[in-house]
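What follows is a short report on a single structure.
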Amino acid sequence: QVRLVESGGGSVQAGGSLRLSCAASRYTDSTTYMAWFRQAPGKEREGVAAIDTYLGSTSYADSVKGRFTVSQDNAKTTLLLQMSSLTPEDTAVYYCAAQTNGNRYYSPRLSPSPYNVWGQGTQVTVSS
């Protein structure tokens with residue numbers, strides 16, 4: 001089973017930037033999508049950005065378009081999330097997720113259900 005470990009979270013002032021990393025324990029041919037989710041206190045987990053590991057196509061939540069960029073390394077074992085122009089509304093625990101069952105969709109999904117492997121999360125706090 002693939003394991004995911006996030007890093008890079010922390011505290012930053014509004015307008016600042018952070019880069020999150022997610023290291024996968026190994027590469028698998030059946031990992032078709034990887035994504036970042038976040039969950040703020042009292043709120044549901046929401047999809048932030050997702051990437052097709054084969055095609056490189058991406059999907060973003062409207063709330064982060066133009067501010068966040070998701071990418072992967074050439075080995076497809078590290079998922080990155082570059083976050084800029086952060087606001088206090090971006091404060092949440094950020095989770096990395098992977099879909100490893102080989103299923104494919106029209107585009108990378110931002111709903112939690114297709115993803116079967118999850119990391120432990122990393123806290124991002126943005127102060128005003």
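Keep in mind that this is a model prediction, so the values were computed, not measured.
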For R67 and D90, work out which heavy atoms get closest and say how close.
-> NH1-OD2, 2.8 Å
Heavy-atom check, side chain of F37 versus side chain of P112, under 4.5 Å | yes
On a heavy-atom basis, the closest approach of P88 and S128 is CG-CB, 3.9 Å
For L80, the other hydrophobic cluster members (4.5 Å side-chain criterion, sorted by chain and number) are none
Going by the disulfide (SG to SG under 2.5 Å) test, which pairs reach into residues 11-48, not counting sequence neighbours?
-> C22-C96
Got R26 and V2 here, is their nearest side-chain heavy-atom distance under 4.5 Å?
-> yes
Min side-chain heavy-atom separation S17-M83 under 4.5 Å = no
Taking distance alone, no hydrogens or angles, what donor-acceptor pairs closer than 3.5 Å link side-chain atoms of residues 46-56 to residues at least two apart or in another chain?
from : atom 1 : to   : atom 2 : distance (Å)
E46  : OE2    : R38  : NE     : 2.7
E46  : OE2    : R38  : NH2    : 3.2
D52  : OD1    : Y54  : N      : 2.8
D52  : OD1    : L55  : N      : 3.0
D52  : OD1    : R104 : NH2    : 3.3
D52  : OD2    : R104 : NH2    : 2.3
T53  : OG1    : T31  : O      : 2.6
T53  : OG1    : T32  : O      : 3.1
Y54  : OH     : D29  : O      : 2.3

Which pairs count as disulfide (SG to SG under 2.5 Å) when at least one residue sits in residues 25-73, sequence neighbours excluded?
-> none
Do other residues, nucleotides or ligands put more than 12 heavy atoms under 6.0 Å from Q123 CD?
-> yes
Pairwise side-chain contact, S57 with S107, heavy-atom cut-off 4.5 Å (strictly under) = no
Not counting sequence neighbours, list each pair that qualifies as a disulfide (SG to SG under 2.5 Å) and has a residue in residues 34-84.
-> none
Return the minimal non-hydrogen interatomic distance between L18 and V12, and the atom names on each side.
-> CD1-CG1, 4.1 Å
What closest approach, in Å, do V117 and L4 show between heavy atoms, and which atom pair accounts for it?
-> O-CD1, 3.6 Å
Contact list for residues 59-102, test ring-ring contact (aromatic ring centres under 6.0 Å, His included), sequence neighbours left out | none
Do side-chain atoms of S85 reach the backbone of G15 as a donor and acceptor pair under 3.5 angstrom?
-> no
Might you point out which heavy atoms bring Q120 and E6 nearest each other, and give the distance in Å?
-> N-OE1, 3.1 Å
Ring-face cation contact, W118 with R45, 6.0 Å cut, 45° max = yes
